[in-house]
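It should be emphasised that the depicted structure is a prediction, and the values quoted were computed from it without experimental measurement. All values below were derived from every heavy atom in this structure, side-chain atoms included, with hydrogens, water molecules and symmetry-related copies excluded. We number each residue from 1, following the sequence as shown. Indexing begins at 1, ligand by ligand and atom by atom, following the structure's order.
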Amino acid sequence: MPLARLSLTTAGESHGPKLTGILTGLPSGLRVDPAAVNRDLARRQHGYGRGGRMKIERDEALFTGGLRGGETLGGPLSFEIANRDHGVWERVMGPVEIEAEAAAKRRLSSPRPGHADLAGGLKYGRRDLRDILERASARETASRVAAGAVCRALLLEFGVEIRSGVLSLGDVVISEPPQGFTFAELLRVDEGSLFRAIDLSAEERMKAAVDAATKSGNTLGGTILVGARGVPAGLGSHVSWTAKLDGRIGQAMLSIPSVKAVSLGDGVANAFRSGSLAHDPIEYVAGKGYRRASNRAGGLEGGITNGEDVLVTVYQKPISTLRDGLPSVDIDTREPRRAAYERSDTTAVPAGGVIAEAMLALVLADALLEKTGGDSMPEVKRNLDGFLAEQRRF
Ligand SMILES: Cc1cc2nc3c(=O)[nH]c(=O)nc-3n(C[C@H](O)[C@H](O)[C@H](O)COP(=O)(O)O)c2cc1C
């Protein structure tokens, strides 16, 4: 589903020379601080349970277009992120030339269940399944995090803040199904902790679970709460199914590699409640406007933001690359053969939260600009202020 006003194109292979991103549709005059973008890239690499690669990569975004003196010009914003281990992969992954012998050694012919390897090979007719792995790899999400950081900067200008926290990892569960959470819980997440868990006291058990999984060659998934506060009412629309913001958020979240389920607010818990306990009573507070006594809807009704915090839970499956390889088939012999193993994470749940924040920032920035229009930041601000003044009179 395309974005309404913004667009994000990413390019690059996991072990190619670099990742490239192009974000279009931003207004002029937005200040972009590369240090803030790099901070989010570092947050994506942080977290217990990542493989050796995260120690090699220290991602930095290099802006190459659309920015002058740290301010957007209104044109496409382009950036690059180097793959620091490309040097050792150059003979295998060179964009123009590769060495046949080196490439043959790295050829992937036993597809990993749970990965794009086999389905992508069948679709694109590539018998070296590395051609699929390299692009399907979650390395691509570094570009999304960089673009998301730019969108986060835009949203912050209008008082919208985005955070996340881990709700469960493997069988260490803080809350399932998630219910009754608020943005305040996300503000308490310790960014420097191993897992960025919503309840710090669960982290020791999470560490033990990851250590045990690593030792036995297994992997773990988990759940993450991602939220936004300060989101004005009136983003998205009920008028057509493609405009509904809940659907747009769902699509963005499900596009994150390994995310297989998404819920909004108390969405899962609500399915098991009666109607009288599932919705959010409406109140009017003089001087403040319309408010809700609770936020079970997660800030969205009819595909439109209602002014409450937007709260989304994403569910990540366990990493599909297992040390001993899951049962698979060799595509040359068609005989049973364990799936290939390549250096891999035990869990990517802490990183998943940072990527989910980026995707929420992208979708909310898009919906805000869709509502306001405007080619420059002052124009966007003027239009938003006008809309908010109308709401106060409503
Ligand atoms: C931050 C992050 C890191 C990941 N790291 C790995 C990894 O090291 N090994 C692996 O097999 N899968 C990893 N994955 C998951 C795969 O990228 C994903 O399962 C695969 O591309 C198939 O896509 P699908 O799970 O969405 O169907 C990671 C996912 C994320 C979000």
Within 4.0 Å of some non-hydrogen atom of S320, the atoms of ligand 1 are 11 (O), 19 (O)
A student checking ligand 1 against I355 at a 4.0 Å heavy-atom cut-off should list atoms 1 (C), 31 (C)
A student comparing G49, A136, A339 should find that the heavy atom closest to atom 21 (O) of ligand 1 comes from A136
If you scan protein heavy atoms around atom 2 (C) of ligand 1, the nearest is A348 CB, 3.4 Å
Closest to atom 22 (C) of ligand 1 among protein heavy atoms sits G114 O, 3.5 Å
Any N or O of [X] that comes nearer than 3.5 Å to an N or O of ligand 1?
X    : value
R343 : no
H115 : yes
R50  : no
K317 : yes
T321 : yes
K260 : yes

For V268, the other hydrophobic cluster members (4.5 Å side-chain criterion, sorted by chain and number) are F272, Y315
ask   = Salt bridge check: are R196 and E191 linked by an N-O gap of less than 4.0 Å?
value = yes
The answer for which part of V259 has a heavy atom under 4.0 Å from ligand 1 is neither
So for P257 against ligand 1, with non-hydrogen atoms under 4.0 Å, the contacting part is both
S294 meets the side chain to side chain contact (heavy atoms under 4.5 Å, CB included) criterion, sequence neighbours left out, with D280, P281, R296
